[in-house]
Structures are given as structure tokens and as C-alpha cells.
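A quick write-up on the structure given underneath.
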Amino acid sequence: MNIQSAYSTGLQGYQRAADSVTEASVNISRQNINQLNNASRVNPEVNPDQFVDASKPSGTDHLVQLQQAELHAQANVNSIKSADEMLGTLIDIRV
């Protein structure tokens, strides 16, 4: 096993998780802004809460994406730590 490969794979995975956190956060923010804008323009005869657009992800979907990204980041950090410990063990053995 190549230690450098484990490091780079862990770092790439961590970067993807960070990108996913950013994406989910932006989507949550946009959704909140859109809800505020729609609330100020709502026609009193129509209740927008009674209609659900299934084609658009809900706030819950974005929160789930955020939680998944956190778990992916933790898994990649554990991978990086394992590679670090392996390298330390190899150096100790060879010295």
C-alpha cells in the first residue's frame, strides 16, 4: 500500500465533502431567501403551503446532504489519520 496514495485519497475525499457542505449551505440559504420573497408577494386567496413541488428538493433534503457531507468528512479524516499512523509505525520500525 502506498502511504502517499492514502493521504491524497483522504484529502480529495475531504475536499469533496467540504464542497458538498458548501453546496448544501448555499441551497438552504437560497431556499430561505426564496421563501421570504414569496411570503412578501403571496396572494391572500392562494395558500402556497397547500401545494408541494416534488421536483424541487426540500429543506430537509439539503439538511440530509449536509449531514452526509459531515459523515464523509469524518471518514476521510479517519483515513488520513490512519495513513499518518501507518507512516509513523513504518518510520519507527525502520529506524
Whether the side chain of T9 engages the backbone of A6 through a donor-acceptor N/O pair (distance < 3.5 Å, no angle test) should be reported.
no

Between I80 and Y7, what is the shortest heavy-atom contact and its length?
O-CE2, 3.9 Å

Value for CD (Q74) from NZ (K81), rounded to nearest 0.5 Å, stands at 9.5 Å

Please round to the nearest 0.5 Å and tell me the distance separating atom CD of Q67 and atom OG1 of T60.
13.0 Å

For S20, the side chain to side chain contact (heavy atoms under 4.5 Å, CB included) test, sequence neighbours excluded, returns Q65, A69

Set of residues satisfying side chain to side chain contact (heavy atoms under 4.5 Å, CB included) with respect to Q12, sequence neighbours excluded
R16

Are any side-chain N or O atoms of S79 and backbone N or O atoms of A75, one a donor and one an acceptor, separated by less than 3.5 Å?
no

Hey, does the side chain of S29 reach the backbone of S25 with a donor-acceptor pair shorter than 3.5 angstrom?
no

Apart from L63 itself, what residues make up its hydrophobic cluster when side-chain heavy atoms of I, L, V, M, F, W and Y under 4.5 Å apart count as a link, directly or indirectly?
V21, I28, L66

Any donor-acceptor N/O pair, N76 side chain to H72 backbone, under 3.5 Å
yes

